[in-house]
Amino acid sequence: MAAFGGVRWVTRTLVAAPNPGAWRSLCTSAVAQAASRSQGEDVRVEGAFPVTMLPGDGVGPELMHAVKEVFKAASVPVEFQEHHLSEVQNMASEEKLEQVLSSMKENKVAIIGKIHTPMEYKGELASYDMRLRRKLDLFANVVHVKSLPGYKTRHNNLDLVIIREQTEGEYSSLEHESARGVIECLKIVTRTKSQRIAKFAFDYATKKGRGKVTAVHKANIMKLGDGLFLQCCEEVAELYPKIKFETMIIDNCCMQLVQNPYQFDVLVMPNLYGNIIDNLAAGLVGGAGVVPGESYSAEYAVFETGARHPFAQAVGRNIANPTAMLLSASNMLRHLNLEHHSNTIADAVKKVIKVGKVRTRDMGGYSTTTDFIKSVIGHLHPYGSNFS
């Protein structure tokens, strides 16, 4: 029990616990739904941590295969419970969504690929990916953008963190045609959620020993919406006098990131801006294939790539870069208090990149995904290579 209690450090350090009565209701619902599943899905490996796996679309299944192979080689005590949810592969339904939610609520920890969202409107504005994050209240998305030793980019030795509120803002799914040819899309900003993400950012900076938080906004134009977000950040900042606080308009932030990204430490921002900055910053250190990410609620932790791309054109070609997903999986193991396994896998991935002999195409090489997995397994110490 004590070991499992240590799993969710983020719930004790970064956010306040939810209403106990509401949580008991969630637990009861999750257990009831889990019990209704087939016996085969409920098999537990004694001593292993149960983790929900959602491969997603594009190269997601190939990246998850890489994670499973490396975990197997490193004898990681994790049991994956795999589910499939996809809007583009006809594997999305209310029933499947509830199965995924039930598994995530029961296990508290998940690793997921990109669930691609089609642009066509089919009667439902909220995508399954958005609905999943809302139902779990995964309000904080954290992307640690850090240069990889041995892999040179335009800017080297970068180390910054992007924290994004991802349950409201422009992604509210509230759109309507108010008059013929006139579409209104509502951006929702609330004091409660703005204060919550601001506190998360400052608590994160405090725990990680970082010295500055920058709030990114567009309050000069959206005076009420972004104005409220900025006001909440300023109020929370006063509670953390040891951490320097700055504000920056989103368009200027994009330019500054390209010109001088070293000025940033922790950045906190609303939903859409975070989506854009995540991708921009990932490009500074090598692209979507090398940056891990994670999302948190008061109870759940979901690990994923930092820049969410399905990379559909690479499906089945054995060329996807598994670095980001492997590093995210390593972060997941740290969250589970499996420090040794976490460090072993992260060190092996970084050694492969630093040596430079095995690199996928997005990093300027010619190696396949399989080559990269084999090389990582070969660098697992003291484990040998038993790739299959």
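Numbers for residues simply follow the sequence, beginning at 1.
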Visitor: Counting only heavy atoms not in L224, do more than 12 sit closer than 6.0 Å to its CG atom?
Guide: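 Open.
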Visitor: Between F372 and L326, is a side-chain contact (heavy atoms from CB on, under 4.5 Å) present by the stated rule, with each step listed?
Guide: CA-CA 11 Å; F372 194 93; L326 288 173; 4.2 Å; yes
Visitor: Would you kindly check if the NZ (Lys) or CZ (Arg) of R196 is within the cone defined by 45 degrees around the ring axis of F139 and under 6.0 Å from the six-membered ring centre?
Guide: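 Satisfied, under 6.0 Å and within 45°.
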Visitor: Between F264 and L158, does the side-chain contact (heavy atoms from CB on, under 4.5 Å) criterion hold? Intermediate values first, please.
Guide: CA-CA 9 Å; F264 297 106; L158 283 182; over 6 Å; no
Visitor: If we ignore angles and hydrogens, is there a donor and acceptor under 3.5 Å between the side chains of Y240 and D203?
Guide: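 Side chains of Y240 and D203: pair found under 3.5 Å.
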Visitor: Just jot down the salt bridge (Lys or Arg N to Asp or Glu O under 4.0 Å) partners of D371, sequence neighbours excluded, or say none.
Guide: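 Here no residue qualifies.
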Visitor: Take atom NZ of K187 as the centre, draw a 6.0 Å sphere, and report whether it contains more than 12 heavy atoms from other residues, nucleotides or ligands.
Guide: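 Yes, because the 6.0 Å sphere around NZ of K187 holds more than 12 heavy atoms from other groups.
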Visitor: The criterion is salt bridge (Lys or Arg N to Asp or Glu O under 4.0 Å); which residues satisfy it with E175, sequence neighbours excluded?
Guide: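 Per chain and number, E175 pairs via salt bridge (Lys or Arg N to Asp or Glu O under 4.0 Å) with no residue.
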Visitor: Judged by atom type as modelled, is there a donor-acceptor pair below 3.5 Å linking the side chain of S330 to the main-chain atoms of S342?
Guide: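 Yes: the side chain of S330 pairs with the backbone of S342.
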Visitor: Please check this pair: side chain of R359 against backbone of I353, looking for a donor-acceptor N/O pair closer than 3.5 Å.
Guide: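 At least one qualifying donor-acceptor pair exists.
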Visitor: Quick check against the 3.5 Å criterion: does H155 have a side-chain atom that pairs as donor or acceptor with the backbone of V285?
Guide: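 Flag not set: sc H155 to bb V285 has no pair under 3.5 Å.
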Visitor: If you measure from the Lys or Arg side-chain nitrogens to the Asp or Glu carboxylate oxygens, is any gap between R191 and E235 under 4.0 Å?
Guide: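 Here R191 pairs with E235 in a salt bridge, since their nearest N and O are under 4.0 Å apart.
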Visitor: Any pair with a residue in residues 241-270 that passes salt bridge (Lys or Arg N to Asp or Glu O under 4.0 Å), sequence neighbours left out, goes on the list, sorted by first then second residue, please.
Guide: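 Output for this query lists R210-D265, K212-E246, K218-D251, K244-E246.
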Visitor: Do N343 and R334 have side-chain heavy atoms sitting under 4.5 Å apart?
Guide: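 Yes, at least one pair of side-chain atoms sits under 4.5 Å.
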Visitor: If I take atom OG from residue S295 and atom CG from residue D137, how far apart are they, to the nearest 0.5 angstrom?
Guide: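 With rounding to 0.5 Å, OG (S295) is 11.5 Å from CG (D137).
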Visitor: Whether the side chain of E299 engages the backbone of K108 through a donor-acceptor N/O pair (distance < 3.5 Å, no angle test) should be reported.
Guide: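 Checking the backbone N and O of K108 against the side chain of E299, no donor-acceptor pair under 3.5 Å is found.
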Visitor: Can you tell me if CD on E339 sees more than 12 non-hydrogen neighbours from other groups inside 6.0 Å?
Guide: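 Buried by this count: over 12 neighbours within 6.0 Å.
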Visitor: Kindly assign one of parallel, tilted or perpendicular to the pair F202 and F245, based on the angle between their ring planes and the thresholds 30° and 60°.
Guide: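 Judged by the thresholds at 30° and 60°, the geometry between F202 and F245 is tilted.
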Visitor: Taking C-beta and beyond as the side chain, do T167 and L138 meet within less than 4.5 Å on heavy atoms?
Guide: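 T167 does not reach L138 side chain to side chain.
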Visitor: Judged by atom type as modelled, is there a donor-acceptor pair below 3.5 Å linking the side chain of R164 to the main-chain atoms of M269?
Guide: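 Side chain of R164 to backbone of M269: no pair is present.
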Visitor: Determine the sole option in Y300, F49, F303 for which the ring pair (Phe, Tyr, Trp, His ring centres under 6.0 Å) test with H335 is passed.
Guide: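 Answer to the ring pair (Phe, Tyr, Trp, His ring centres under 6.0 Å) test with H335 among Y300, F49, F303: F303.
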Visitor: Check whether N141 reaches the backbone of E165 with its side chain - one donor and one acceptor, N or O, closer than 3.5 Å.
Guide: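 No, N141 side chain to E165 backbone: no donor-acceptor pair under 3.5 Å.
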Visitor: Just wondering, do T369 and P322 contact through their side chains at under 4.5 Å, heavy atoms?
Guide: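 Yes, side chains in contact.
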Visitor: Tell me whether E62 contacts the main-chain N or O of A66 through its side chain, where contact means a donor paired with an acceptor under 3.5 Å.
Guide: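 No, because the side chain of E62 does not come within donor-acceptor range (under 3.5 Å) of the backbone of A66.
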Visitor: Taking salt bridge (Lys or Arg N to Asp or Glu O under 4.0 Å) as the definition, give me every residue that meets it alongside R361, ordered by chain and number, with sequence neighbours left out.
Guide: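 Testing R361 for salt bridge (Lys or Arg N to Asp or Glu O under 4.0 Å), a comparison that skips the adjacent residues, returns none.
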Visitor: Under 4.5 Å side-chain heavy-atom separation, chaining through any Ile, Leu, Val, Met, Phe, Trp or Tyr, what else clusters with L186? Say none if it is isolated.
Guide: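 L174, I188, which link up through side-chain heavy atoms under 4.5 Å apart, make up the rest of the cluster.
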Visitor: In the structure I gave you, are the side-chain heavy atoms of Y151 and S147 within less than 4.5 Å of one another anywhere?
Guide: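 No, side chains not in contact.
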Visitor: In terms of side-chain geometry, is the basic nitrogen of E94 or R131 positioned less than 4.0 Å from the acidic oxygen of its partner?
Guide: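 R131 and E94: salt-bridged.
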Visitor: Checking side-chain contact (heavy atoms from CB on, under 4.5 Å) for the pair C253/L267: CA distance, chi angles, key distance, verdict?
Guide: CA-CA 10 Å; C253 180; L267 300 92; 3.8 Å; yes
Visitor: Which residues pass the salt bridge (Lys or Arg N to Asp or Glu O under 4.0 Å) test with R133, sequence neighbours left out?
Guide: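 Partners of R133 under the salt bridge (Lys or Arg N to Asp or Glu O under 4.0 Å) test: D129, E304.
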